[in-house]
Amino acid sequence: VISARDLPAFDAGGRSDPYVHVHVNDQFLECNRDFAQWRTLEPVWNYELRVPVYSPFSIVRVSVFDWDSLGSDDFMGFVEFRVAELELGGAGVGGWFELRQPSELHGNATTRFRRHRRKRDDEYESEPD
C-alpha cells in the first residue's frame, strides 16, 4: 500500500490520521496503526506486506481507518481486489482504486466482490460512447 489521495476528513480541522488494515478472504492479517499518517487526506505509507495466498480467487481487502486518541478509530472505507488481478512475478497492482463506503462492507468477501463487479459493469454499460 503506497499511498491514498482525496480521503474524507474525519477530524476537526478538515483532516484525518489514516492507516490501513489488511484482510484476505475476510481473515484479518495485519494492521499498520503505528504507521498512521498525521493530519492529512493524502497519506504516503509505502507499506509493504507479504500476504499468504493459496488461490487466485482469494480476495484482498485494504481498509482505511482514521486514528483517534479518544474513543474508537473511524472506518473510512475499503478497497478489494482478487489476487488473480495481480501480475505474476511479484509486480504490484498499479494505479488508483476507488475507496468504497463503509456501508458497503456487508456479507462475505466473495458476495461483496460479485455485487461490486456487477454494479461497476452496469455503470460502465450505461455510459454513453
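Numbering starts at 1 and runs along the sequence shown. Just so it is clear, the values below take in all heavy atoms, side chains as well, and ignore hydrogens, waters and symmetry mates.
In this structure, S16 contributes its side chain and L7 its backbone to no donor-acceptor pair below 3.5 Å. For D17 (side chain) and D66 (main-chain N/O), no donor-acceptor pair under 3.5 Å exists by modelled atom type. Distance alone, capped at 3.5 Å, places no donor-acceptor pair between the W45 side chain and the A4 backbone. In terms of modelled atom types and a separation under 3.5 Å, the side chain of N108 and the main chain of T110 share a donor-acceptor contact. Side-chain atoms of E42 never come within 3.5 Å of backbone atoms of T40 as a donor-acceptor pair (strictly under, hydrogens ignored).
Take D26 and apply the side-chain hydrogen bond (donor to acceptor under 3.5 Å, both in side chains) test, not counting sequence neighbours, and it matches R61, R112.
To the nearest 0.5 Å, the span separating CZ on F10 from CG on D73 amounts to 11.0 Å. To the nearest 0.5 angstrom, R5 atom CZ is 13.5 Å from L41 atom CG. In this structure, CG in N32 is found 8.5 Å from CD in Q37, a value given to the nearest 0.5 Å.
Aromatic ring orientation, H21 versus F28: perpendicular (interplanar angle above 60°, classes split at 30° and 60°).
Considering all non-hydrogen atoms of both residues, L99 and P8 come closest at CD2-CD, 4.4 Å. Taking both residues in full, the closest heavy atoms of V24 and S58 are given as CG1-CB, 4.2 Å, listed atom of the first, atom of the second, then distance. Pairing each heavy atom of V83 with each of S55, the nearest pair is CB-O, 3.9 Å. Residues F113 and F81 share a closest heavy-atom pair of CE1-CA, 4.1 Å.
Clustering ILVMFWY residues whenever any of their side-chain heavy atoms sit less than 4.5 angstrom apart, transitively, puts F57 in a cluster other than the one holding V51. Cluster membership for V53 and I59, using ILVMFWY side-chain heavy atoms within less than 4.5 angstrom, is not shared. Two different hydrophobic clusters hold V44 and V1 under the rule that ILVMFWY side chains link at heavy-atom gaps under 4.5 Å. Taking hydrophobic clusters as Ile, Leu, Val, Met, Phe, Trp and Tyr residues chained together by side-chain heavy-atom distances below 4.5 Å, I2 does not share a cluster with M76.
Residues Y19, W38, F65, W67, F78, L105 make up the rest of the hydrophobic cluster containing F75, defined by ILVMFWY side-chain heavy atoms closer than 4.5 Å, directly or through other members.
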Query raised in the report: Run the side-chain contact (heavy atoms from CB on, under 4.5 Å) check on R50 and E30 step by step: do they pass?
Result: CA-CA 10 Å; R50 297 213 182 268; E30 189 164 313; over 6 Å; no
Query raised in the report: Going through the checks in order, is the side-chain contact (heavy atoms from CB on, under 4.5 Å) test met by S3 and Y47?
Result: CA-CA 8 Å; S3 62; Y47 182 65; over 6 Å; no
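Side chains of P52 and L29 form a contact here, defined as non-hydrogen atoms less than 4.5 Å apart. Here the side chains of R82 and E80 are not in contact, with every heavy-atom distance at 4.5 Å or above.
Dense packing is recorded around CZ of R33, with more than 12 heavy atoms of other residues, nucleotides or ligands lying under 6.0 Å away.
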